[in-house]
Amino acid sequence: MKTVGVISPDQRKKTYALIHEVCDYLGYPDDAMEAWFKYQFIQREGIEWFSLSNCSMSLATSYLAFILDFCFEQDIPFRTRTWDMIPTDYHLTLQCLKHRKCVICGKRAQFAHVNAVGMGVNRNKVDHTKRFVMPLCVNHHTEQHNKGINSFINYYHIKPVKPDLETLRILNVRGDYEDAT
């Protein structure tokens, strides 16, 4: 992995907050869970043991994404404070989309289009791999329509994503992508 500086205090804080959420939910001690996560991560990446006191920012980012993926796959609930700490980046938005969680509050989400689908556009014929979307709960989806897409995205700092075929299949979203296989 390319080194681009040392882990930031913010990255370290977010990593430990996620590990603590997992421990609270599963009932394991923090130090045991941290060691388990590190072991799984180094096995997957084929790297040496590392410390969160002085690892690179890029390694910390990858490790944080690894823990976040685990949390989504195991449906680990987040406290609001922890949810608010997680940066709204592409990776988080994609995971929220796959697991139908609102990227803003973590509640059950809908598939919200950045560019409206409807009014003459058959949503069953749209190639969703070419459209930006975001996972939003009913309340935030309504707010998005009321506020306007650009104001909404800027206000919440959301990174909409173009879903890949695998994500669309997971979500059972129909469209022209079915003809691409």
Side-chain angles (χ1 to χ4, degrees), residues 10-28 33 37 60-178:
D10 192 47
Q11 285 177 309
R12 191 177 302 109
K13 182 178 175 183
K14 289 172 184 176
T15 301
Y16 284 121
L18 282 177
I19 291 171
H20 187 71
E21 293 288 333
V22 173
C23 292
D24 275 359
Y25 185 71
L26 298 178
Y28 293 110
M33 198 79 237
F37 273 126
T61 299
S62 296
Y63 185 55
L64 186 58
F66 175 78
I67 295 170
L68 188 62
D69 290 349
F70 175 87
C71 291
F72 275 102
E73 289 164 11
Q74 300 302 316
D75 200 24
I76 305 292
F78 297 108
R79 285 187 282 259
T80 302
R81 183 170 181 227
T82 303
W83 185 262
D84 291 343
M85 287 174 59
I86 302 169
T88 310
D89 63 4
Y90 181 86
H91 188 80
L92 175 66
T93 304
L94 193 57
Q95 284 299 330
C96 285
L97 189 64
K98 285 180 180 179
H99 296 277
R100 295 188 182 269
K101 291 185 183 277
C102 178
V103 72
I104 298 167
C105 66
K107 293 180 182 171
R108 183 83 174 145
Q110 304 172 334
F111 199 76
H113 294 89
V114 172
N115 296 352
V117 173
M119 295 297 293
V121 178
N122 183 340
R123 71 179 60 246
N124 293 328
K125 297 292 182 185
V126 170
D127 183 354
H128 285 93
T129 62
K130 293 182 172 62
R131 291 198 171 249
F132 284 99
V133 297
M134 29 187 192
L136 300 174
C137 68
V138 173
N139 293 339
H140 285 112
H141 198 165
T142 301
E143 181 183 346
Q144 175 240 317
H145 285 288
N146 292 337
K147 204 175 239 183
I149 191 64
N150 291 331
S151 297
F152 183 81
I153 287 172
N154 289 333
Y155 181 77
Y156 286 108
H157 306 285
I158 296 174
K159 304 280 191 242
V161 297
K162 287 184 179 178
D164 58 11
L165 293 174
E166 176 194 346
T167 302
L168 292 171
R169 285 190 181 107
I170 289 169
L171 296 170
N172 198 26
V173 173
R174 297 182 302 170
D176 282 345
Y177 70 88
E178 292 171 338

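Residue indices begin at 1 and follow the sequence shown.
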Less than 3.5 Å apart, any donor N or O on the side chain of Tyr156 or Glu143 sitting next to an acceptor on the other? yes
Partners passing side-chain contact (heavy atoms from CB on, under 4.5 Å) against Arg100 (at least two apart in sequence or in another chain): Arg108, Leu171
Heavy atoms of Thr93 and Lys159 approach each other most closely as OG1-O, 3.1 Å
Heavy-atom count check: over 12 atoms from other residues, nucleotides or ligands less than 6.0 Å from Tyr16 OH? yes
In Å, rounded to the nearest 0.5 Å, how long is the span from CD of Glu21 to CD1 of Ile19? 11.5 Å
Ile158 side, atom CD1; Ile104 side, atom CD1 - distance, nearest 0.5 Å: 3.5 Å
What one should report as the nearest heavy-atom pair of Cys71 and Leu18 is SG-CD2, 4.4 Å
About how many Å separate CE of Met33 and NE2 of His20, when rounded to the nearest 0.5 Å? 13.5 Å
To the nearest 0.5 Å, tell me how far Thr142 OG1 sits from Gln110 CD. 7.0 Å
Quick check: closest heavy atoms across Leu97 and Pro135, and the distance to 0.1 Å? N-CG, 3.6 Å
Which atom of Asp10 lies closest to which atom of Lys14, heavy atoms considered: OD2-NZ, 2.8 Å
Pair Lys98 + Asp164, salt bridge at N-O below 4.0 Å: no
What pairs with Cys137 under side-chain contact (heavy atoms from CB on, under 4.5 Å), at least two apart in sequence or on another chain? Cys102, Cys105, Lys107, Asn139, His140
Of all heavy-atom pairs between Leu168 and Pro163, which one has the smallest distance, and what is that distance? CD2-CG, 3.7 Å
With sequence neighbours excluded, what pairs up with Phe37 under the ring-ring contact (aromatic ring centres under 6.0 Å, His included) test? Phe70
What is the minimum heavy-atom distance between Phe132 and Pro160, and which atoms define it? CD2-O, 3.6 Å
Given side chains that start at C-beta, do those of Phe72 and Leu94 come closer than 4.5 Å, heavy atoms only? no
Between Phe152 and Leu136, is there a side-chain heavy-atom distance shorter than 4.5 Å? yes
Tell me, do His99 and Asp75 make a side-chain contact under 4.5 Å, heavy atoms counted? no
How many angstroms lie between atom NZ of Lys147 and atom CD1 of Ile153, to the nearest 0.5 angstrom? 12.0 Å
Are side-chain heavy atoms of His113 and Ile149 found at a separation under 4.5 Å? no
Mind checking the CG-NE2 spacing from Asn146 to His141? Nearest 0.5 Å is all I need. 10.5 Å
